[in-house]
Student: 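Sending over a structure as structure tokens; questions will come in a sec.
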Number of protein chains: 2
Amino acid sequence: MNLPPLIQSFVLHFGEMGSHWGINRTVGQIYALLYVSDKPLNADDIVEAIGCSRSNTSMALKELQAWRLVKLQHLPGDRREYFSTPDDVWAIFKTLAEERQKREVEPTLTMLRGAMLETPSGEAERHAQARMNEMYQLIELVTKWFADIRDMDVETLQKLMKLGSQVQKVLQFTQSLSRLTGRDSGKEE
Amino acid sequence: MNLPPLIQSFVLHFGEMGSHWGINRTVGQIYALLYVSDKPLNADDIVEAIGCSRSNTSMALKELQAWRLVKLQHLPGDRREYFSTPDDVWAIFKTLAEERQKREVEPTLTMLRGAMLETPSGEAERHAQARMNEMYQLIELVTKWFADIRDMDVETLQKLMKLGSQVQKVLQFTQSLSRLTGRDSGKEE
DNA sequence: TCCAATTTTCAGTAATTTCTGAAAGTTTGA
DNA sequence: TCAAACTTTCAGAAATTACTGAAAATTGGA
């Protein structure tokens with residue numbers, strides 16, 4: 001690996017972190033490299049920069065594309081494929097949230113839904129099913145909320161986040177208002 | 001493994017999912033087993049139910065304790081250690097969020113903070129540093145917001161989540177109000 | 001169509017992670 | 001203090017995952 005020190009430490013960090021996430025070192029490193037690069041890179045650029053094999057690079061890029069974290073593009077007069085990450089960090093964040101949702105949460109929800117349909121035989125199973133239901137309700141609520149949040153425009157989202165826990169006050173205020181006027185701003189349960 | 005079918009499929013699912021998260025199969029399975037169990041279990045109960053070795057169980061329980069996802073307790077007149085998960089699914093969710101924050105996000109923030117202090121030499125490093133700063137700002141904002149959210153009481157949190165994206169309307173409404181009255185409910189940037 | 005440039009696949013190897021059994025360590029109460 | 005009950009550690013085995021180089025496949029232009 002032959003990179004300026006600032007970039008190198010960023011790339012190495014993402015490589016290490018990869019294992020905490022579900023991705024391998026090379027995938028993490030390549031993503032980091034593309035993220036900070038000021039121009040799209042082709043596979044050989046990446047091999048050169050990271051110091052991994054050409055085939056490994058190919059695999060890693062395929063995985064990053066499956067995650068929708070890199071864009072493929074062609075440069076005029078060059079047959080090679082060039083890769084880059086989206087510029088907008090919020091868009092990246094949303095993509096990541098969507099993909100993790102799809103890969104990690106959906107399958108669990110499906111399994112739990114199936115479990116809800118079973119008829120428990122015996123006390124142990126009855127209790128287990130009740131617990132699974134608690135988990136199901138929680139995950140579903142959080143999931144829907146995340147989807148709502150993801151679909152907000154960045155402006156609103158930033159406003160909301162900066163408001164932070166003070167949103168409580170706004171809610172309380174709105175609820176007193178609605179009690180006075182008889183209108184309700186929130187969804188019913 | 002010798003468990004009622006409903007419980008078995010739950011336990012196996014968490015085992016598989018473990019690898020998508022940063023935990024191994026046994027850890028996932030044991031957590032799932034404890035989560036649905038109607039009483040605390042000791043290490044031998046777990047070995048019996050899951051079918052792994054005693055030492056593996058010991059390691060896995062240690063990891064689950066490090067994640068603060070299981071409670072250790074003693075039963076009167078029994079020297080063995082019994083394990084269970086917290087009852088409250090919201091508490092579990094919060095613990096999980098805190099631990100992931102600590103393990104996955106903090107180290108990255110630290111690295112980025114360090115990178116911000118470097119003086120870039122050359123255009124590539126200058127651009128890279130700007131990108132890292134964008135990432136830093138985003139992660140910090142989301143992190144603070146998460147912390148705010150975590151510290152809300154469950155009631156408010158559920159209310160907020162059920163409101164979903166309609167919170168936008170509440171925000172807009174409150175802002176028109178504050179424009180009228182000259183008061184501001186939100187933090188300043 | 002053919003050739004050269006480029007990308008992908010794949011089988012074998014290397015590295016890492018997980019798991020086990022045996023041994024060592026710890027704790028409790030007699 | 002000792003012994004029994006129980007837990008942890010750890011070195012090596014097993015399983016899994018990551019990586020490589022060679023070969024096959026694909027692509028675009030002549």
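Chain letters run A, B, ... following the sequence lines, proteins first and then strands; every chain starts at 1.
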Student: With clusters built from Ile, Leu, Val, Met, Phe, Trp and Tyr whose side-chain heavy atoms come within less than 4.5 Å, directly or transitively, what are the remaining members of the cluster of B:M59, listed by chain and number?
Tutor: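 Members alongside B:M59: none; it stands by itself.
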Student: Step by step, work out the side chain to side chain contact (heavy atoms under 4.5 Å, CB included) result for A:L34 and A:S84.
Tutor: CA-CA 5 Å; A:L34 292 175; A:S84 59; 5.6 Å; no
Student: Tell me, please, the opening and closing nucleotides of DNA chain D, 5' to 3', among those with an atom under 4.0 angstrom from a non-hydrogen atom of chain A.
Tutor: D:dA18 to D:dG28
Student: Please tell me which of A:K62 and A:D78 maps to the more 5' nucleotide of DNA chain C, matching each residue to the nucleotide holding its nearest heavy atom.
Tutor: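 Checking each residue's closest nucleotide, the 5'-ward one belongs to A:D78.
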Student: If you look only at pairs with a residue in residues 118-156 of chain B, which of them pass as a ring-ring contact (aromatic ring centres under 6.0 Å, His included), with sequence neighbours excluded?
Tutor: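 For residues 118-156 of chain B: A:W145-B:W145.
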Student: Can you list the residues that meet the ring-ring contact (aromatic ring centres under 6.0 Å, His included) rule with B:W67, with sequence neighbours excluded?
Tutor: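 Checked B:W67 against ring-ring contact (aromatic ring centres under 6.0 Å, His included); zero matches.
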Student: Between A:Q73 and A:F83, is there a donor-acceptor pair closer than 3.5 Å when you use the side chain of the first and the backbone of the second?
Tutor: no
Student: What string of B, S and - do you get for nucleotides 12-21 of chain C 5' to 3' if you count protein non-hydrogen atoms under 4.0 Å?
Tutor: ------SSBB
Student: Please, which pairs that meet salt bridge (Lys or Arg N to Asp or Glu O under 4.0 Å) have at least one residue in residues 101-111 of chain A, sequence neighbours excluded?
Tutor: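 For residues 101-111 of chain A, and leaving out neighbouring residues, the salt bridge (Lys or Arg N to Asp or Glu O under 4.0 Å) pairs sorted by first residue read A:E99-A:K102, A:E99-A:R103, A:R100-A:E104.
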Student: Could you note down all residue pairs passing salt bridge (Lys or Arg N to Asp or Glu O under 4.0 Å) where residues 79-92 of chain A supplies at least one of them, sequence neighbours left out?
Tutor: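 Matches after skipping sequence neighbours: A:D78-A:R80.
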Student: Under 4.0 Å, heavy atom to any atom of DNA chain D: which of residues 36-50 of chain B qualify?
Tutor: none
Student: Run the salt bridge (charged side-chain N to carboxylate O under 4.0 Å, His left out) test against B:E123 and tell me which residues pass, sequence neighbours left out.
Tutor: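 Here the qualifying residues are B:R126.
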Student: With A:Y35, which residues qualify under ring-ring contact (aromatic ring centres under 6.0 Å, His included), at least two apart?
Tutor: none
Student: Show every donor-acceptor pair shorter than 3.5 Å between a side-chain atom in residues 21-29 of chain A and any protein atom, with sequence neighbours excluded, or say none if there are none.
Tutor:
unit_1: A:N24; atom_1: OD1; unit_2: A:T26; atom_2: N; d: 3.1
unit_1: A:N24; atom_1: OD1; unit_2: A:V27; atom_2: N; d: 3.0
unit_1: A:T26; atom_1: OG1; unit_2: A:N56; atom_2: ND2; d: 3.1

Student: When rounded to the nearest 0.5 angstrom, what is the spacing between CE in B:M111 and CG in A:L12?
Tutor: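 Result: 10.0 Å between the selected atoms.
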Student: Polar atoms only, N or O, under 3.5 Å: list the protein pairs with nucleotides 25-28 of chain C and their distances.
Tutor:
unit_1: C:dT27; atom_1: O2; unit_2: B:R79; atom_2: NH2; d: 2.6

Student: State the CD1-CG distance between B:I149 and B:L160, to the nearest 0.5 angstrom.
Tutor: 5.5 Å
